Every structure is written in structure tokens, then in C-alpha cells.
K.L.:
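Quick one: the structure is below, and I'll ask about it shortly.
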Amino acid sequence: MDKRRPKSPSSASREIGATTALGDLIDIELVIISNMLEEPRVRNEILRSTDRTAGDGLISFVTLELRGLIRKEFGVWHRI
């Protein structure tokens with residue numbers, strides 16, 4: 001019987017992010033990621049820099065966070 005502890009959701013998302021290639025991302029996700037290259041930014045700044053709707057941007061934020069590529073810390077988003 002395996003007595004190892006189950007993985008927490010955050011560690012599972014990091015593993016998924018580690019296997020996700022940037023080539024798998026859609027165009028709005030690439031824009032969001034590239035806007036965080038220089039420095040962490042507030043979500044609204046990043047959304048304004050895209051040519052998509054806020055809804056599309058928010059969906060992309062959730063997708064990128066679940067893939068373990070970005071995270072929110074102290075009110076700003078960071079690329080991992």
C-alpha cells in the first residue's frame with residue numbers, strides 16, 4: 001500500500017506547468033505571458049494591452065494559472 005501523501009492542488013499545477021510548452025498557448029495567452037516578462041503587473045494593465053475582450057483575457061488568466069505558468073502575489077501577477 002502506498003503511504004505517500006496525496007499531492008496538493010498547487011504542486012499538481014506546478015507539475016502541469018512544467019510540462020506545458022509555450023508553443024501550446026493561444027495568442028492571447030502569449031500576449032499575457034509576454035507582458036509579464038519585464039516586471040510583474042496588475043491584471044487590468046495586462047488586459048488593456050490585449051486586443052481581446054475582458055472575458056477572453058480572464059479565461060486566459062485562469063488557464064495560465066492552472067497550467068502553473070503565472071501566479072498572483074501581493075496583488076500583482078508574476079510569470080513563473
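On a predicted model such as this, the values are computed, not experimentally measured, just so you know. Values below: every heavy atom of this structure, side chains too, minus hydrogens, waters and symmetry copies.
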K.L.:
Say you draw a straight line from CG of Asn35 to OG1 of Thr50; how long is it, rounded to the nearest 0.5 Å?
P.N.:
8.5 Å

K.L.:
What's the separation between atom CD1 in Ile33 and atom CZ in Arg67, rounded to the nearest 0.5 Å?
P.N.:
9.5 Å

K.L.:
Give, for atom CD of Glu29 and atom CG of Asp24, the distance between the pair rounded to the nearest 0.5 Å.
P.N.:
9.5 Å

K.L.:
How long is the gap from CZ on Arg41 to CD1 on Ile32, to the nearest 0.5 Å?
P.N.:
12.0 Å

K.L.:
Taking all heavy atoms of Ser60 and all of Ile28, pick out the closest pair and write down the distance.
P.N.:
OG-CG2, 3.0 Å

K.L.:
Starting from Met36, can I reach Leu30 by hopping between I/L/V/M/F/W/Y residues whose side chains sit under 4.5 Å apart?
P.N.:
yes

K.L.:
Ile59: what forms a side chain to side chain contact (heavy atoms under 4.5 Å, CB included) with it, not counting sequence neighbours?
P.N.:
Thr63

K.L.:
Enumerate donor-acceptor pairs with a distance under 3.5 Å from any side-chain N or O in residues 69-80 to protein atoms, sequence neighbours excluded.
P.N.:
none

